[in-house]
**Q** 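Quick one: the structure is below, and I'll ask about it shortly.
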Amino acid sequence: MKKTIIKNGILVTSEKVVQEDLLIEDGKIKKIGAEIEDIDAEIIQAEGNYVFPGGVDAHTHFDLQSGIHRTVDNYYTASIAAACGGTTTIIDHLSFGPVNCSLQHRVDEYHNLASGKSVIDYSFHSVIQHVNNKILNEIDELIAEGITSFKIYMTYDFKLLDYEILQVMQKIKEVGGVLTVHAENHGIIETLRKKFISEKKIEPIFHAKSRPDYCEAEAIWRLIQLAEVIGDVSLYIVHLSSKKGLDILNYAKQNGYNNVFVETCPQYLTLTDEKYLESDGLKYVMSPPLRKKHDLNALWEGLSNNSIDVIGTDHCPFLYSTDKQDGKNDFTMCPNGVPGVEERFRLIFSEGVVKKRITLQQFVNVISTNPAKIFGLYPKKGDLKVGFDADIVIFNPNIEEKISINKLHSSADYSVYEGVNVTGRIECVLQRGNILFQKGEFRGLKGQGEFIKRSPQRKSL
Ligand code: URP
Ligand code: ZN
């Protein structure tokens, strides 16, 4: 039986910060306490370091076909990047499939893409791209397979209309699933894109101008109204980017709609739309787009007062040297999305905890515990507690580093955080007790990640 003791670290759980040892036996956390001894155990010294639960990134696109473009990472490269960046579990958003395809079609394709490749544990959000009785019945089947969250889009070609959203909400409420939503108003985007292109306004800044904050806010407001028809369906807003959107969510919560969870991403917390004016502005084309400083500040405020629950990355890397250049003469041709799965943990520790915008506890909650709870991975993932998987990050908070694409593991050819100074270095990452990353080296094995069956959702965090 394999045993490991992590000694003298400062354990940060979802509830407390304590200096204790942690014993791992057969991939699980067996014991937490002072001065644990076991002569058969391998010892990992963690003195002066934080010991965190492994990161859970609930928003990735690890191998995504989007129109004519495909993300540059596959499950092997992206999961190595995640592991080296302190993320031990991801929940991937599946790409759209052929017109009228079943839900199972998308899940089968992604099992094929992930199995035998992923070095970290993974699950999928199902994607609903059209609605009929067959699709609604399939939701039960996926819940039985351990896929308990369902993504819909309010824009793009496979957007759902209000009546379809209501049908999906009703079903998801019945089965105890979570409805994850990309909330942007399609009509506004289409109108503004056409207008700008006809006026020869082709530069990356017009990507941002064609998806204004009110476009996100309208979709969120409508969604909350639709949810009111159904009552108490569990909603999860992905990649919230704007103060206007957050204000609406706060209003909804203050007026009794509590079953709504909110995710933002590191890019909306650290970058603004001024990036689109730089010569490499295409690097930052993502949806929703980067916003203004007041939006960025409001999102940090939302994290600080717990009205934002999760930080996911929306890792969706296209090559700047080729794919992104397709937007050179027309921003609408640029594939949407940026890399970031490896940067999240250190960046948010540094920008959040070190800069005193959030506490250590809040850091653990938004990086690991809350996504695990919301999406039915808890009590297996998301915390340092006896009986949980030994998914662990040992973190030195005293080292300063500069983020550089040369040191990252994604196949992307750029990082939107290039040159950013971060305080904190990941020393060691374990998954189910196995070392994935240590002394700056990836040490895991291709295919050692497991598909995790999830349970239906809990009502509150
Ligand atoms: O620009 C982004 N976020 N691309 C990924 C797909 C999506 O809309 O989440
Ligand atoms: Zn996404």
Side-chain angles (χ1 to χ4, degrees), residues 57-73 78 82 87 90-97 106 110 122-129 149-160 178-186 188-190 193 204 206-208 210-211 215-216 219-220 223 236-242 245 261-269 271 273 275-276 281-291 310-320 323-324 326-327 331-341 343-344 371 375 410 412 414 416:
D57 189 345
H59 192 156
T60 60
H61 300 274
F62 269 12
D63 201 339
L64 178 101
Q65 187 72 36
S66 172
I68 60 165
H69 300 101
R70 194 167 189 100
T71 50
V72 65
D73 274 325
T87 288
I90 54 116
I91 313 178
D92 211 33
H93 286 279
L94 313 183
S95 63
F96 296 127
R106 307 313 304 135
Y110 272 83
Y122 58 94
S123 180
F124 309 126
H125 302 285
S126 168
V127 59
I128 301 181
Q129 59 184 63
S149 47
F150 300 82
K151 168 89 168 278
I152 62 164
Y153 291 80
M154 296 170 83
T155 184
Y156 300 138
D157 288 349
F158 287 114
K159 67 190 171 302
L160 298 192
V178 185
L179 184 63
T180 72
V181 188
H182 178 130
E184 288 186 291
N185 177 300
H186 188 72
I188 294 174
I189 298 168
E190 280 305 288
R193 276 162 73 117
F206 292 101
H207 168 72
S210 66
R211 307 177 99 99
C215 160
E216 180 173 73
I220 292 174
L223 196 71
Y236 179 94
I237 307 298
V238 302
H239 52 41
L240 179 78
S241 62
S242 66
F261 301 99
V262 186
E263 168 200 280
T264 190
C265 308
Q267 51 271 34
Y268 305 118
L269 293 163
L271 306 169
D273 64 357
K275 289 286 180 194
Y276 295 118
L282 287 169
K283 279 183 183 166
Y284 306 89
V285 170
M286 65 186 89
S287 296
L290 298 173
R291 303 285 184 200
V310 173
I311 300 178
T313 59
D314 200 3
H315 180 82
C316 189
F318 295 99
L319 286 177
Y320 175 62
D323 300 321
K324 290 279 194 187
D326 287 351
F331 70 88
T332 67
M333 305 308 280
C334 183
N336 283 205
V338 295
V341 75
E343 294 97 316
R344 179 184 72 138
F375 291 114
S410 160
Y414 73 102
V416 291

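Fair warning: this is a prediction, and the values are worked out from it, not measured in the lab. Each ligand, and each atom within it, is numbered from 1 in the order the structure gives.
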**Q** Could you tell me whether any N, O or S atom belonging to His239 is less than 2.8 Å from the Zn ion (ligand 2)?
**A** no
**Q** Would you mind running through ligand 1 and noting each atom that sits below 4.0 Å from a heavy atom of Met286?
**A** 1 (O)
**Q** What angle, in degrees and rounded to 10°, do you get at the Zn ion (ligand 2) when you join it to NE2 of His61 and to OD1 of Asp314?
**A**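 Approximately 90° at the metal, rounded to tens of degrees.
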**Q** Looking at the rings of Tyr110 and Phe62, which for Trp means the six-membered one, are their centres under 6.0 Å apart?
**A** no
**Q** Report the name of the N/O/S atom of His59 located nearest to the Zn ion (ligand 2).
**A**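 His59's closest N, O or S atom to the Zn ion (ligand 2) is named NE2.
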**Q** With respect to Ser95, which candidate in Gln65, Gln129, Arg106 satisfies the side-chain hydrogen bond (donor to acceptor under 3.5 Å, both in side chains) definition?
**A**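 Only one of Gln65, Gln129, Arg106 forms a side-chain hydrogen bond (donor to acceptor under 3.5 Å, both in side chains) with Ser95, namely Arg106.
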**Q** Provide the closest heavy-atom pair for Phe318 versus Asn336 in the form atom of the first, atom of the second, distance.
**A**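 Distance-wise, the nearest heavy atoms are CE1-O, 3.1 Å.
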**Q** Please answer whether the main-chain N or O of Met154 pairs with a side-chain N or O of Glu184 as donor and acceptor at a distance below 3.5 Å.
**A**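 Looks like no, no N/O pair under 3.5 Å.
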**Q** Measuring from Asn185:CG to Cys215:SG, what's the distance to the nearest 0.5 Å?
**A** 5.5 Å
**Q** At what distance is the nearest protein heavy atom to atom 4 (N) of ligand 1, and which residue and atom is it?
**A**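 Here the closest protein heavy atom is Asn336 O, 3.2 Å.
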**Q** Any side-chain donor-acceptor pair under 3.5 Å between His315 and Thr60?
**A**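 Judged by distance alone, the side chains do not pair up.
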**Q** Considering only heavy atoms, which of His315, Gln267, His61, His207 lies nearest to atom 9 (O) of ligand 1?
**A** His61
**Q** Checking the N or O distance criterion of under 3.5 Å, is ligand 1 in contact with Tyr153?
**A**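 Between Tyr153 and ligand 1, no N or O pair is found under 3.5 Å apart.
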**Q** Please indicate whether any nitrogen or oxygen in Lys151 is less than 3.5 Å from any nitrogen or oxygen in ligand 1.
**A** no
**Q** Please confirm whether the backbone N or O of His59 pairs with a side-chain atom of Asp57, one donor and one acceptor, at under 3.5 Å?
**A** yes
**Q** Is ligand 1 less than 4.0 angstrom away from at least one heavy atom of His239?
**A**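 So His239 counts as touching ligand 1.
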**Q** Going through the checks in order, is the side chain to side chain contact (heavy atoms under 4.5 Å, CB included) test met by Ile237 and His182?
**A** CA-CA 7 Å; Ile237 307 298; His182 178 130; over 6 Å; no
**Q** Quick test: of every protein heavy atom, which one is nearest to atom 1 (O) of ligand 1, and how far off is it to 0.1 Å?
**A**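 That would be Ser287 N, 2.7 Å.
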**Q** Give the atoms of ligand 1, by number and element, whose distance to some non-hydrogen atom of Tyr156 is under 4.0 Å.
**A** 8 (O)
**Q** Given the side-chain rings of Phe96 and Phe158, with only the six-membered ring counted for Trp, is the space between their centroids under 6.0 Å?
**A**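 Yes.
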**Q** Please confirm if an N, O or S atom belonging to Cys316, backbone or side chain, lies less than 2.8 Å from the Zn ion (ligand 2).
**A** no
**Q** Counting only nitrogen or oxygen atoms and a 3.5 angstrom limit, does Cys316 reach ligand 1?
**A**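 N/O-N/O distance below 3.5 Å does not exist for this pair.
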**Q** Which atoms of ligand 1 sit under 4.0 Å from any heavy atom of Asp314?
**A**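 Numbered from 1, ligand 1 contributes 2 (C), 3 (N), 5 (C), 9 (O).
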